[in-house]
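If you're wondering where the values come from, they're calculated on a predicted model, not measured in any experiment.
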Amino acid sequence: MNAHIPALTAGGQVMAIVPQTFEETLRVARAVVASGLAPSALVGKLTGDDAAAAVAVAIMSGAELGLKPMVSLRSFTVINGKPALYGDGLINVVRMSGKVAYLRTGCDERNGKMVGYCEAKRLDTGEDKRVEFSQVDAERAGLWQTEAIVTKWNKWDKKNEQKPNDSPWYRFPQRMLAWRAAGYCLRELFGDVLGGIRDEFEVREIDEVETMRDITPEKPALPPKPPAPPAPPAKAVETVEAAPVTEQTESEFALGDFLEQIETGLAGAKDEVEVEEIWTDFDAPAVLESNGHADMIEAAVSIKQRRLAQLSPLNGG
């Protein structure tokens, strides 16, 4: 009875879908946006064709470096309009160029201080280079962090808050030292391959320095006005005591803002471990239930599950 069903066969070569024209690129980008796999750091609050255009530009930027479409989306991020590669993406681009004789990164300890290093050699010219970035260098640059609890500005509530330190320099110091050394080494030795692209952390630090700050001086206080002359006595009138005006002292819980904070925070997670740590920090189920939004706990969990699906290797290109 199953004779008409074709038999399943094994084998075959797995190949990535690589668009050849702009129309094909935009078609792939629209599929990525519709599936929810577009990185939040890339599309932000964009929707529709605007989000698809951002994804298409990332795919084309990665193609210039030899990256497949989905690898480009996993490797690229945008910081204040500036494209950047994650640390492993930078190394991946150089390795795929076919111009590497060897490339090694790591972190050693000298005199009680950590030292990250990157050493590489070109296959075509024979040039080699070794760059080190030490704990002392990180301290001098103001990057090194040792405090478990730090003060952070909450842009939603407009106030400073004490929060656990989630900086990668505090959580993964060895990896950060090695990646910073790799960024300097590979951009100098393989500048023709990278085409001026920097790593994520360096672009973020440059952006923080270049961000404009309001330094307008406060206006001087006006001199006090002279007292007004006494008013003539008025006729006695019956006064009616006005009802006291009650002011709302506590701001209402902004459900949309809270869910957006969760999605933005999870978008910065690089792996499933970071997703779980960020999810624990928000404590979404307890917060939503205490503010009368227990029905939205499932929506918050869906945001987490969507980010985990984006990080899963089964969703890669």
Rounded at 0.5 Å granularity, tell me how far CZ in R180 sits from OG1 in T105. 14.5 Å
Is the CG atom of L123 crowded by more than 12 outside heavy atoms at less than 6.0 Å?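 Atom CG in L123 is packed in, count exceeds 12.
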Might you confirm whether atom NZ of K121 has over 12 heavy atoms from other residues, nucleotides or ligands at distances under 6.0 Å? no
Please walk me through it: do E161 and T151 pass side chain to side chain contact (heavy atoms under 4.5 Å, CB included)? CA-CA 5 Å; E161 294 181 348; T151 301; over 6 Å; no
Measure across V33 and G48 and return the closest heavy-atom pair with its distance rounded to 0.1 Å.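 Closest heavy-atom pair between V33 and G48: CG1-O, 4.5 Å.
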Please report the closest heavy-atom contact between N165 and E147, naming both atoms and the distance. ND2-O, 2.9 Å
Applying side chain to side chain contact (heavy atoms under 4.5 Å, CB included), run through W144 and M114 and close with a yes or a no. CA-CA 11 Å; W144 198 253; M114 287 183 281; 3.3 Å; yes
Taking everything shown except E289 itself, do over 12 heavy atoms lie less than 6.0 Å from its CD?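 No, CD of E289 has 12 or fewer neighbouring heavy atoms, counting only those of other groups under 6.0 Å.
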For R27, look at atom CZ and say whether over 12 heavy atoms of other residues, nucleotides or ligands are found less than 6.0 Å away. no
I59 versus L73: any side-chain heavy-atom pair under 4.5 Å?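 Side chain of I59 against side chain of L73, heavy atoms only: contact under 4.5 Å found.
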From D128 CG over to Y102 OH, what is the distance, rounded to the nearest 0.5 angstrom?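 Between D128 CG and Y102 OH, I get 4.5 Å after rounding to 0.5 Å.
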Do you know the tightest heavy-atom contact between L259 and M296?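 Scanning both residues completely, I find the closest heavy atoms to be CD1-CE, 4.0 Å.
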Verdict with supporting geometry, R122 and V100, side chain to side chain contact (heavy atoms under 4.5 Å, CB included): CA-CA 5 Å; R122 290 189 67 120; V100 182; over 6 Å; no
Is a donor on one side and an acceptor on the other found under 3.5 Å between the side chain of D137 and the backbone of S134?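 Checking the backbone N and O of S134 against the side chain of D137, a donor-acceptor pair under 3.5 Å is found.
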Is the shortest side-chain N to carboxylate O distance from K113 to E139 below 4.0 Å? yes
Does S75 use its side chain to pair, donor to acceptor, with the backbone of S72 at less than 3.5 Å?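 Not at all, since once roles are kept as given, no pair shorter than 3.5 Å links the two residues.
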Taking the inter-plane angle between the rings of F133 and Y184 on a 0 to 90° scale, is it parallel (under 30°), tilted (30 to 60°) or perpendicular (over 60°)? tilted
Rounded to the nearest 0.5 Å, what's the gap from CD on E260 to CD1 on I303? Could you check?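 So the CD of E260 and the CD1 of I303 are separated by 9.5 Å.
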State whether R110 and E132 are salt-bridged, where the test is any N-O pair (Lys NZ or Arg NE/NH1/NH2 against Asp/Glu carboxylate O) under 4.0 Å. yes
Minimum heavy-atom distance between A51 and V43, given as atom pair plus value: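 For A51 and V43, the tightest heavy-atom pair comes out as O-CG1, 3.9 Å.
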